[in-house]
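Here is the structure we will look at, set down as structure tokens.
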Amino acid sequence: MRYLFAFLRKNNIFFLFLFLEIIAIVLMTKNRTFSGSVILNSTSQFSGSLNKSYSGIIDYFDLKKQNEFLVQENAYLKNSIIQFNNTQNTIIPPDTIYQYIVAKVISNSIHKADNYLMLDKGKRHGIKVDMPIISDQGIVGSVVAVSENFCSVMSVLHKDSKISAKIKKNNQLANILWDNMDYQRGTLADIPSHIDLRVGDTIITSGHSLIYPEGIMIGVAENYNTRTESSLNSAVIKFSTDFNSLKYVYAVQNSRLEEMLLLKKEVEND
Amino acid sequence: MTRQIVTNLFRFIILVLLQIFVFNQFQLMGFINPYVYILFILLLPIETPKWLLLLLGFVLGYVIDYFSHSIGINIFSTVLVAYLRPVFIRYVIPKLEPGPDVKISIKQIGFNSFLIYTGILVFIHHFTLFFLEIFRFSYFFNTLIHAILSSVFTIILILISQYLFYSRKK
């Protein structure tokens with residue numbers, strides 16, 4: 001026993017080092033399992049408000065570009081109103097189950113292996129975990145943690161992100177993954193080999209995951225290599241969202257989500 | 001003694017703020033992420049006890065992690081650098097005797113020694129950090145290049161800061 005103490009005392013620096021590194025590893029593994037609590041920590045008031053005041057200063061330099069985006073979106077919305085008015089008499093009443101909450105991005109990363117955004121809206125504004133976040137350009141991610149005034153969003157640029165997508169022209173399903181280090185491109189995986197996919201085809205969300213509403217723009221196919229030996233192919237797609245310049249995004253509130261989840265649970269229980 | 005504590009505390013705050021607000025947002029060519037905050041550990045006085053080095057490394061890593069959505073990875077790599085630092089000081093700058101006026105700077109230990117000392121430790125830090133971040137080996141070369149380029153950039157920034165400091169003192 002005495003020797004053990006002597007040994008410990010002699011190497012105390014090494015053991016302190018080991019001890020601190022083990023704490024770090026434990027924290028890392030906790031974060032990876034998405035318990036949420038660790039991420040929520042960084043969503044806490046302090047870092048949130050610090051980031052917010054910082055982005056408040058930076059915003060002024062970006063006003064012109066943001067204005068342009070808003071004008072573009074305005075134009076797009078006006079067009080849709082016209083189209084909508086033209087077809088109003090013939091279709092069933094429009095879907096109003098989705099409501100949008102505007103949020104500002106106060107911190108963002110795109111060059112890490114796991115990218116997150118922080119938004120300036122939280123529980124108080126109706127943000128809930130798993131809510132999809134979209135921008136006027138396309139998908140952005142989904143909420144993983146909320147605090148009172150802020151929320152943390154797992155970006156599509158995350159190696160655990162998997163989104164159910166479909167090819168717009170023929171409604172064929174596939175999955176969107178992100179596993180390269182390029183923030184502009186993702187992978188469209190699990191494409192059945194008989195599917196006709198051409199470069200330039202539009203990829204949208206399928207709506208099957210119950211997180212994203214159907215028909216949100218994801219991107220366009222950029223490169224498609226068919227491999228004869230495998231029955232499932234993959235393609236490179238270019239995201240329509242420019243993750244590097246995100247400023248204002250929308251959280252999508254699905255007022256019937258609970259009902260859908262309840263039904264799903266019922267089916268699974270039987 | 002008090003002056004040293006104040007100087008280092010000041011350096012800690014400045015480097016953390018710079019890291020969070022400037023260098024974390026700074027993504028040159030989409031591939032270069034400098035982590036300049038590690039300079040705090042590198043520049044601590046030579047006579048700093050080893051246990052204090054480790055604890056300061058832990059605190060620094062924790063603060064950086066807290067603000068950059070990554071719990072643990074900055075702690076791990078910063079504590080590693082804090083642990084390795086005395087070894088490198090012994091081998092790279094053996095002539096240096098600890099004393100009240102002795103600081104780790106280009107002026108005192110010479111450009112070459114300083115470059116080797118910061119270069120190796122910064123690279124170890126960045127390499128560990130990027131690997132822990134991506135957490136798989138399929139991108140070994142990508143990560144290696146990422147680490148090398150970012151390290152080079154960090155080292156250049158550190159050297160510039162040294163000359164700024166040096167000229168102001170004169």
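Throughout, protein chains are lettered first and strands after them, A, B, ... in sequence-line order, and every chain is numbered starting at 1. Everything numeric in this text was worked out from a predicted model, so none of it was measured.
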List the steps and the verdict of ring-ring contact (aromatic ring centres under 6.0 Å, His included) for B/Phe131 and B/Phe127.
CA-CA 6 Å; B/Phe131 260 98; B/Phe127 188 73; 4.8 Å; yes

Carefully, step by step, assess B/His125 and B/Thr78 under the rule side chain to side chain contact (heavy atoms under 4.5 Å, CB included).
CA-CA 7 Å; B/His125 174 260; B/Thr78 312; 3.8 Å; yes

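Ranked by heavy-atom pairs shorter than 4.5 Å toward chain B, the options A/Asn12, A/Leu20, A/Leu16 are led by A/Leu20.
Taking the six-membered ring for Trp, B/Phe12 and B/Phe40 have ring centres closer than 6.0 Å.
Of all residues spanning residues 51-61 of chain B, those with a heavy atom less than 4.5 Å away from chain A's heavy atoms are B/Trp51, B/Leu54, B/Leu55, B/Phe58, arranged by number.
Aromatic ring pairs are classed by plane angle as parallel below 30°, tilted from 30° to 60° and perpendicular above 60°; the pair B/His146 and B/Phe130 is parallel.
Partners of B/Thr7 under the side-chain hydrogen bond (donor to acceptor under 3.5 Å, both in side chains) rule, at least two apart in sequence or in another chain, do not exist in this structure.
Donor-acceptor pairing under 3.5 Å is recorded for the side chains of B/Tyr37 and B/Asn74.
In this structure, the side chains of A/Asn175 and A/Ser164 come closer than 4.5 Å at one or more pairs of heavy atoms.
Neither the backbone nor the side chain of A/Ile22 comes within contact range of chain B; no heavy atoms are under 4.5 Å apart.
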